[in-house]
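Encoded as structure tokens, the structure appears first; notes follow it.
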Amino acid sequence: MSAGPSSASGSTAGALRHVLSHLITPLLMCVGMGLAYLGAFHAPAPHDLRVDVVGSGARAQVLAQTLQDKGDGALSVRTVANRDAAADHLRTQQSYGAYVPGSKPELMVATASSDTSATVVQKVFTEVAADQGSPLRVTDVEPTAAGDPTGQGIFFLLVAVSIGSYASVAVIGGAGAVLALRMRAGLALGTSLVVSAIGAAFAGPVFGLVDHGLGGLWAMAWLYSAGILLIGVGLHTFLKRWTTLGVMLLFVMLNFTSSGGIFRPELQPGFFGALHSFWNGAGFVEGVRSHVYFGGHALGGHLLVLSLWFVAGLVVVAVAGSAETRRRHEAAEKARETAAVRTTAVAEEEMEEAVGV
């Protein structure tokens, strides 16, 4: 006997509901990516961007105050005694531009810190020099490596390592679901070694994004990748099919936009600037910059951020392990109860048959 039209219609409706329920995830990704990327990048504008004016006389003081007032919160302008002090501020990322007034005005920048910030500062002081009727000479006291002329190669390295990490979460959580959590966590750590090695190869011999410090870069890439993989594998225990959306929210939408790889927090809305202080992508980008270009200045803080995310991954895995153990015990107890009920039912049936005989 063949199934009727109503049966086929019900099957189609059920399949359609199933597809529509799964379309929620990519649609939420679309909304999330739009809000995050456009919110962070669509209208960069400086706020409290630190710049120095070199000089201790009245002229330097007046110029600094004029720029501060005219900027209306865009710049944080201070005076420094001499050119060496200004260069030291740039090399320790205490400022993002230093203007040396005079008949031949000079602007000092450090593009290794942020090419976009240097561009904003250069635009401001080109106008200042033009008002004084002089061309502006720009000196880059800390340029990027030859293989990374825009200074944004580290950001795109972050993207590659991140995608390799969070995409692996889906594979380990899905295809490896039958494996014990201990083994899945081991796979996560092993995968992070491979992903970080690929990232180091891209940064060094393949594209030459850095010309020294490759070992330290690899170590930070491993710490960063391992944190993502451990958190993702742990979260899969609880989120299941929503894990992909969860890790994208954490490690793409909020992560890339707050990393400082394109625009530093001084050029972004306050929300993303706040995330920059403790999110793992910012820890990686700023850590690599510190290690490669700034002699390790403030490197300890960036390593602490990466380490805390790694520890968070271990904690999430531990909590997931406890939850899975509890679920197994509950399932075993339920199976024993079901078996006991069946045994009792069989015994009662046999007794009834015996009495009937």
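These numbers come from the heavy atoms of this one structure, side chains and all, not from hydrogens, waters or symmetry mates. This is a predicted model, so every value here is computed, not measured.
Note that CG of L136 and OG1 of T126 are 5.0 Å apart. Values are rounded to the nearest 0.5 Å. Taken to the nearest 0.5 Å, the CZ atom of R241 stands 6.5 Å off from the CD1 atom of I24. Rounded to the nearest 0.5 Å, atoms NE2 (H291) and NE2 (H212) are 6.5 Å apart. Rounding to the nearest 0.5 angstrom, the gap separating the NE2 atom in H297 from the OG atom in S290 is 7.0 Å. Note that CG of L63 is 10.0 Å distant from CG of D131, once rounded to the nearest 0.5 Å. In this structure, R184 CZ and L179 CG are separated by 7.0 Å, a value rounded to the nearest 0.5 Å.
Side-chain contact between L229 and L189: absent, with no pair of heavy atoms (C-beta onward) separated by less than 4.5 Å. Counting only heavy atoms from C-beta outward, the side chains of L214 and P205 approach each other to under 4.5 Å. Contact of the V109 side chain with the Q122 side chain is not registered, since no non-hydrogen atoms from C-beta on lie closer than 4.5 Å. Side-chain atoms of L230 and V316, non-hydrogen and from C-beta on, never get closer than 4.5 Å to each other. For the pair L90/E142, no side-chain contact is recorded, criterion being any heavy-atom separation below 4.5 Å from C-beta on. Taking the side chain as every heavy atom from C-beta outward, I154 and Y293 approach each other to under 4.5 Å. Looking at heavy atoms from C-beta onward, K123 lies out of side-chain contact with T119 at the 4.5 angstrom threshold. Residues L235 and L250 have side chains in contact (heavy-atom distance under 4.5 Å, counting atoms from C-beta outward).
Among pairs with a residue in residues 215-240, those fulfilling side-chain hydrogen bond (donor to acceptor under 3.5 Å, both in side chains) read S162-Y224, S165-S225, S192-W222, S196-W218, Y224-N255, T237-E324, at least two apart in sequence or across chains.
Hydrophobic clustering (side-chain heavy atoms under 4.5 Å, transitive across Ile, Leu, Val, Met, Phe, Trp, Tyr) keeps I231 apart from V171. Grouping the Ile, Leu, Val, Met, Phe, Trp and Tyr side chains by contacts below 4.5 angstrom, directly or via other members, places F278 with V252. Note on V194: it clusters hydrophobically with L187, by side-chain heavy-atom contacts below 4.5 Å among ILVMFWY residues. Follow the hydrophobic side-chain contacts under 4.5 Å out from F310 and you never reach V319; the two are in separate clusters. Linking Ile, Leu, Val, Met, Phe, Trp and Tyr whenever their side-chain heavy atoms come within less than 4.5 Å puts F263 and F156 in one cluster.
Ion pairing between E333 and R336 holds under the 4.0 Å rule for side-chain N and carboxylate O. For R289 and E286, the salt-bridge test passes: some basic side-chain N is under 4.0 Å from an acidic carboxylate O.
Summarising the geometry of P143 relative to A112, their closest heavy-atom pair is O-CB, 4.0 Å, with the distance given to 0.1 Å. Contact between S134 and P105 at its shortest, heavy atoms only, is CB-CD, 3.5 Å.
Under the 3.5 Å distance criterion, the side-chain polar atoms of D140 are matched with a main-chain donor or acceptor of T111. Checking side-chain atoms of W279 against main-chain N and O of A274 turns up no donor-acceptor pair under 3.5 Å. Remark: the backbone N or O of F256 is paired with a side-chain donor or acceptor of S259 at under 3.5 angstrom. Looking only at distances, a side-chain donor or acceptor of H22 sits under 3.5 Å from a matching main-chain atom of H18.
For an aromatic pair to be called close, the ring centres must be under 6.0 Å apart, and F251 with Y166 fails this.
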Could you list the donor-acceptor pairs under 3.5 angstrom formed between side-chain atoms of residues 40-53 and any protein atom two or more places apart in sequence or on another chain?
{"from": "H42", "atom 1": "ND1", "to": "L38", "atom 2": "O", "distance (Å)": "2.5"}
{"from": "H47", "atom 1": "NE2", "to": "P265", "atom 2": "O", "distance (Å)": "3.1"}
{"from": "H47", "atom 1": "NE2", "to": "Q268", "atom 2": "O", "distance (Å)": "2.5"}
{"from": "R50", "atom 1": "NE", "to": "D52", "atom 2": "OD1", "distance (Å)": "2.9"}
{"from": "R50", "atom 1": "NH2", "to": "D52", "atom 2": "OD1", "distance (Å)": "2.8"}
{"from": "D52", "atom 1": "OD2", "to": "H89", "atom 2": "ND1", "distance (Å)": "2.9"}
{"from": "D52", "atom 1": "OD2", "to": "S95", "atom 2": "OG", "distance (Å)": "3.4"}

Considering only distance and modelled atom types, tabulate donor-acceptor pairs under 3.5 Å from the side chains of residues 76-86, sequence neighbours left out.
{"from": "T79", "atom 1": "OG1", "to": "Q61", "atom 2": "NE2", "distance (Å)": "3.4"}
{"from": "N82", "atom 1": "OD1", "to": "D84", "atom 2": "N", "distance (Å)": "3.2"}
{"from": "N82", "atom 1": "OD1", "to": "A85", "atom 2": "N", "distance (Å)": "2.8"}
{"from": "R83", "atom 1": "NE", "to": "E106", "atom 2": "OE1", "distance (Å)": "3.1"}
{"from": "R83", "atom 1": "NH2", "to": "E106", "atom 2": "OE2", "distance (Å)": "2.7"}

- Please step through side-chain hydrogen bond (donor to acceptor under 3.5 Å, both in side chains) for the pair T92 and Q94, ending with a clear verdict. CA-CA 6 Å; T92 55; Q94 296 181 60; 2.8 Å; yes
- L217 and L157: CA distance, side-chain angles, deciding distance, side-chain contact (heavy atoms from CB on, under 4.5 Å) verdict: CA-CA 11 Å; L217 181 148; L157 176 64; 4.0 Å; yes
- Message: Let's go through V288 and M220 carefully: what are the C-alpha distance in whole Å and the side-chain angles of both, what is the deciding distance for side-chain contact (heavy atoms from CB on, under 4.5 Å) to 0.1 Å, and is it a yes or a no?
- Response: CA-CA 8 Å; V288 171; M220 283 183 273; 4.2 Å; yes
- F272 and L267: CA distance, side-chain angles, deciding distance, side-chain contact (heavy atoms from CB on, under 4.5 Å) verdict: CA-CA 10 Å; F272 298 99; L267 298 180; over 6 Å; no
- Query: Run the side-chain contact (heavy atoms from CB on, under 4.5 Å) check on Y99 and L67 step by step: do they pass?
  - Reply: CA-CA 11 Å; Y99 182 69; L67 289 171; 5.8 Å; no
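The local environment of CG in D72 is sparse, with at most 12 non-hydrogen atoms from other residues, nucleotides or ligands closer than 6.0 Å.
At a cut-off of 3.5 Å, with distance as the only test, no side-chain donor of T150 or D115 sits close to an acceptor on the other residue.
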